[in-house]
Every structure is written in structure tokens, then in C-alpha cells.
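In listed order, ligands and their atoms are each counted from 1.
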Amino acid sequence: MPKKKPKKPKRPQKNWKKFWKLGADEFNTQFFGVNKDGELTATEGHHIYNLSDLAYKYGTPLQVIFPFIIEDRLKDLIGYFQAYMKIYGYRGKFFYHYPMKVNQNKEFILSLLSEGANLEATSANELWIVKKLWEGEKFNSKIRVLCNGPKTDQYLDLIEELRAKGMNIVPIIESLDEIERLSKYKGDIGARIDLNIKTDSHWDKKFDRFGLSEKDALELNKMKNLKVMHYHLGSQIKTQKSILNGIKHAFSMYIQLQKIHPSLDTLDIGGGFGIPYEKKKFYTAKGVSSKIIKILKNLSDKAGIRHPNLIVEWGQYIVAPAEMTIYKVLSKKFIPKANAKAWYIIDGSFMNDIKDTWAIHQKFHVIPANNMHGALKTTWLAGSTCDSDDKYTAGGNYILLPKLHDNQDQFVAVLDTGAYQDGLASHHCLLATPLKIIARDGMIKIARKRESADSIGKLFGWNGDPK
Ligand SMILES: *Cc1c(COP(=O)(O)O)cnc(C)c1O
């Protein structure tokens with residue numbers, strides 16, 4: 001059978017914003033647009049940033065952080081939950097805890113704190129950041145910090161130190177080995193339960209190693225200070241149904257646990273709310289928050305128990321849209337017989353800077369940052385490392401980008417790179433990490449300078465005299 005010819009790409013007619021899927025709440029691009037010269041813009045209130053100008057001015061690879069997007073999203077999310085609690089007569093309290101591992105950059109964490117986020121840490125080193133903020137009196141002392149992950153002695157010591165200094169810090173029991181030491185802990189504690197249900201996400205459910213099994217959890221002796229029941233189903237959950245099934249199943253565990261540990265009054269539903277990376281129809285935070293509250297209200301009323309306080313740790317959902325990564329196309333190569341006509345080689349690396357493209361073949365929303373009105377070409381993108389896997393092909397499909405012009409730089413923007421990519425970033429072929437700038441209140445600040453050969457070399461022991 002003859003191979004099917006790839007579909008001819010659509011040409012934008014006049015609605016450029018729509019063509020590039022910008023300015024749309026459902027894709028989290030409501031802040032982005034195209035100006036009359038075909039350049040990508042971001043709008044903060046009445047201020048407009050021109051991303052093409054920024055790429056020219058600061059050079060590429062470039063990462064742009066938009067704190068106002070973080071603040072806007074968190075404010076909306078807290079607003080939804082609080083509004084639905086009121087509407088449905090829900091008497092538990094709502095708490096947002098930011099999972100620090102999603103993006104530990106200072107500009108992210110400080111913006112989240114300014115909107116009232118509590119924190120969730122995964123390691124002693126993340127908790128060290130919390131300690132620095134606490135010692136600098138940068139916190140409202142009402143903040144609560146949850147501590148997940150396996151507890152090394154160093155981690156436990158730090159938890160106890162911060163509690164002794166007056167912080168509301170809650171270690172979450174991750175395995176049976178932690179129970180003995182944590183049973184002596186003076187503050188509130190939580191337990192993570194590995195719920196026995198299937199979830200639509202990139203997560204190894206069959207061999208999940210996190211938390212206590214349901215059976216082990218139900219066999220725990222009474223703990224007077226057990227306050228939080230926590231679960232986390234995985235990241236980038238594909239369907240609303242999976243999220244809601246998690247809530248229902250967790251609630252059945254919650255009532256059983258509460259009979260043994262009457263102090264239990266808080267349900268922590270973890271993270272997992274996804275991002276519409278593939279630009280397909282996706283569930284919404286407004287819709288899901290309404291359903292969660294409705295379900296918890298009905299189930300608690302039926303069981304005759306107090307409505308649990310609710311903790312939500314949706315990380316990726318809040319921060320992914322707040323950062324974009326911009327590259328310049330260095331050169332072009334013809335591809336014979338493929339879904340795309342040309343490789344565009346970029347001046348950075350997918351493998352290093354946007355690791356999920358390589359590790360879990362995550363798709364991203366990729367658009368040009370200039371020439372958005374020009375003629376288009378079907379392309380695949382290749383990074384600058386020597387690895388054949390350092391590429392982005394939108395899953396073997398193609399990425400539509402402008403044709404290249406002599407004497408004019410072509411910039412490519414990858415949206416939604418604010419979650420996980422920074423913490424996972426690496427230095428394959430010793431390429432430098434992108435320069436990071438902050439766009440806030442109409443001003444641009446350099447947050448992290450471009451790494452030099454010298455500073456990267458030092459990471460590998462090349463200090464001073466190369467002998
Ligand atoms: C990773 C993680 C989160 C955040 O998950 P997202 O998919 O980014 O929402 C929340 N809680 C725990 C315990 C996690 O491990």
C-alpha cells in the first residue's frame with residue numbers, strides 16, 4: 001500500500017492568535033498574543049512584553065519567568081475552592097501546599113508565598129531552603145510545611161529543629177520504618193497511603209513504592225497526633241474521572257483511619273492536575289474543584305462525619321505556564337521522506353533543558369517567537385548535543401514553523417516549561433543552561449546569568465590549573 005502523504009499544513013488566514021493557539025484560557029495561553037509584526041507577546045495588566053525583542057537583547061537560549069502568571073493562577077485556584085466550599089456549605093478549610101520539587105527557583109517560591117501558599121518539601125535540601133526563609137523571617141509564622149519523601153537522619157533532624165523553633169511542620173510517614181522515630185514527634189504528623197486504584201497517568205501503578213499500603217495503614221496503632229491522610233496518584237493525570245475516583249476511594253480510607261485515629265481531620269489529595277500540553281480539550285480547575293467539594297460534602301454527610309479540611313498540592317498546574325524557553329534556529333537540514341520537510345537545529349538542547357521531551361516523550365506547545373505571519377514549513381527540531389535522541393518531533397508528527405530568511409534570526413518558543421524541567425536540567429556536552437530572566441511589573445531582571453565555560457567546567461572539577 002502506498003504510504004499516506006502527510007496532510008498539508010494549514011495556513012493561517014488572519015486570526016493569528018487562534019492559529020498559534022494563543023490567548024485561550026483552555027490552553028493556559030490567555031496571557032500570550034501576536035503583535036502586528038508577527039512577534040510573540042506576553043501581557044501583564046496593561047504592560048506588554050515582546051519576546052522576540054527579549055531574545056535579541058538577552059540572547060538565546062533564554063528562559064523567561066512570569067511571576068504574575070503564577071500569582072494569577074494560584075489566586076484563581078484558591079478562589080475556586082473557597083467559593084465552592086461556600087456554595088455547597090462545606091465546613092472544612094482549604095489549604096494550598098506548593099510541592100517545591102516542581103520548581104525550586106526563588107522567584108517561583110516567593111511568588112507563591114505572596115499569594116498565600118503553604119509548602120510541601122521532598123528532601124532535606126528542599127527543607128534547607130525553608131529553613132533559610134524562616135531564619136530570615138520571610139514567612140508568616142502561620143505557614144505549614146509538609147515533609148514527604150524518605151526521611152534520612154539529616155532530614156528528620158532538620159524537621160525536629162524547625163518544629164522546636166516554632167514552625168508548623170508536619171512529617172508525612174512514608175514507610176513503616178519511619179513510624180518508630182516519628183511516634184516520638186511532638187507536632188502533627190501525616191501518613192501517605194498508596195491507594196489501590198488505577199490512574200490515567202505516567203506512573204508505575206503496578207509497582208508503586210510510595211507510602212503505606214492500605215492494609216499496613218489500617219493496621220497502625222492509634223497515634224494521637226495523626227492529622228493528615230495524604231495520597232498522590234501521579235503527575236499529569238489524563239482524565240477528570242481519575243482525579244474524582246481518587247477522591248472517592250481516598251475518602252473510604254479516610255473514614256476507616258479516622259475511627260482508629262480520631263485526631264485525623266485533613267485529607268491531602270496530592271498533585272497530578274495536568275496541563276493541556278497537546279492542545280486538546282482538557283478538564284478545568286473550576287469544574288474539578290466544584291466536583292471535589294460536592295463529592296466530599298455528600299460522602300461526609302452520608303457517613304455522618306465532619307467535613308475534612310482539604311489540602312491540594314497541584315504543582316505542575318500552577319507553575320508550568322509561568323515559564324517559557326526560547327531558542328534560536330542555527331541551521332536547517334533537509335529530511336528525505338518524513339512527516340516533516342526539514343530539521344531545524346536549535347542553539348540549546350531538549351535533552352538538557354526540557355528533559356521530559358526525551359525522558360517521557362512529553363509533547364509541548366512549540367511556536368515561533370517571531371515571523372508568525374510568514375510562510376510556514378513542517379519541521380522537526382534538533383538540539384545541539386551530539387545525541388540523536390536530542391530532538392523534538394511532536395511525537396513523530398511535525399512542528400509548523402516559519403521558513404528561514406537570510407539575515408534574520410528565527411526564534412522558537414517552547415511554552416509551559418515551568419514545571420520540573422529546571423530541576424531535571426543537565427549539562428550533556430557541557431552546553432550551558434539557558435539564561436534566565438524575570439518579567440515582572442513591566443521590568444526585566446536577569447535572574448541567572450548565562451553559564452560560562454569556566455563555571456560549567458568547575459562542576460566537573462576543572463578548577464584553576466588544568467592538571
Ligand atoms: C510531585 C508531587 C506533587 C506535585 O505533582 P504535580 O503533578 O506537579 O501536581 C504533589 N505532591 C507530592 C507528594 C508529589 O510527590
With heavy-atom distances below 4.0 Å as the criterion, list the atoms of ligand 1 near [X].
{"X": "P99", "value": "3 (C), 4 (C), 10 (C)"}
{"X": "V102", "value": "8 (O)"}
{"X": "G315", "value": "6 (P), 8 (O), 9 (O)"}
{"X": "N148", "value": "13 (C)"}
{"X": "H230", "value": "13 (C)"}

Inset, instruction - Mind checking whether S235 contacts ligand 1 via backbone (N, CA, C, O), side chain (CB onward), both or neither, at a 4.0 Å heavy-atom cut-off? - result: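 For S235, the contact with ligand 1 is made by both the backbone and the side chain.
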Kindly give the heavy-atom pair with the smallest separation between [X] and [Y], and that separation in Å.
{"X": "I326", "Y": "A55", "answer": "CG2-CB, 4.1 Å"}
{"X": "Q63", "Y": "D353", "answer": "NE2-O, 4.4 Å"}
{"X": "M324", "Y": "A413", "answer": "SD-CB, 4.1 Å"}
{"X": "I197", "Y": "G246", "answer": "CD1-CA, 3.5 Å"}

Contact between [X] and ligand 1, counting heavy atoms under 4.0 Å?
{"X": "G272", "answer": "yes"}
{"X": "Y420", "answer": "yes"}
{"X": "W314", "answer": "yes"}
{"X": "H97", "answer": "no"}

Inset, instruction - State, without any angle test, whether E278 and H365 hold a side-chain donor-acceptor pair at a distance under 3.5 Å. - result: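 Distance-only check fails for E278 and H365.
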Any N/O pair [X]/ligand 1 closer than 3.5 Å:
{"X": "K101", "result": "yes"}
{"X": "E313", "result": "yes"}
{"X": "Q316", "result": "yes"}
{"X": "G270", "result": "no"}
{"X": "G234", "result": "no"}

Legend entry - Main-chain N/O of Y90 paired to H307 side chain as donor or acceptor, under 3.5 Å: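 No, H307 side chain to Y90 backbone: no donor-acceptor pair under 3.5 Å.
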Inset, instruction - Could you tell me whether D157 and R181 make a salt bridge, using a distance below 4.0 angstrom between a side-chain N and a carboxylate O? - result: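 Judged by the 4.0 Å cut-off on N to carboxylate O distance, D157 and R181 do form a salt bridge.
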Inset, instruction - Identify whether the distance between the nearest side-chain nitrogen and carboxylate oxygen of E71 and K75 falls below 4.0 Å. - result: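 Between K75 and E71 there is no salt bridge, as every charged N stays at least 4.0 Å from the carboxylate O atoms.
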Legend entry - Candidate list H261, M253, R192, Q258, test side chain to side chain contact (heavy atoms under 4.5 Å, CB included), partner M229, passing option: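 Going through the options one by one, the only one that passes is M253.
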Legend entry - I311 and I269, any side-chain heavy atoms less than 4.5 Å apart: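 When only atoms from C-beta onward are counted, I311 and I269 do not touch, as no gap falls below 4.5 Å.
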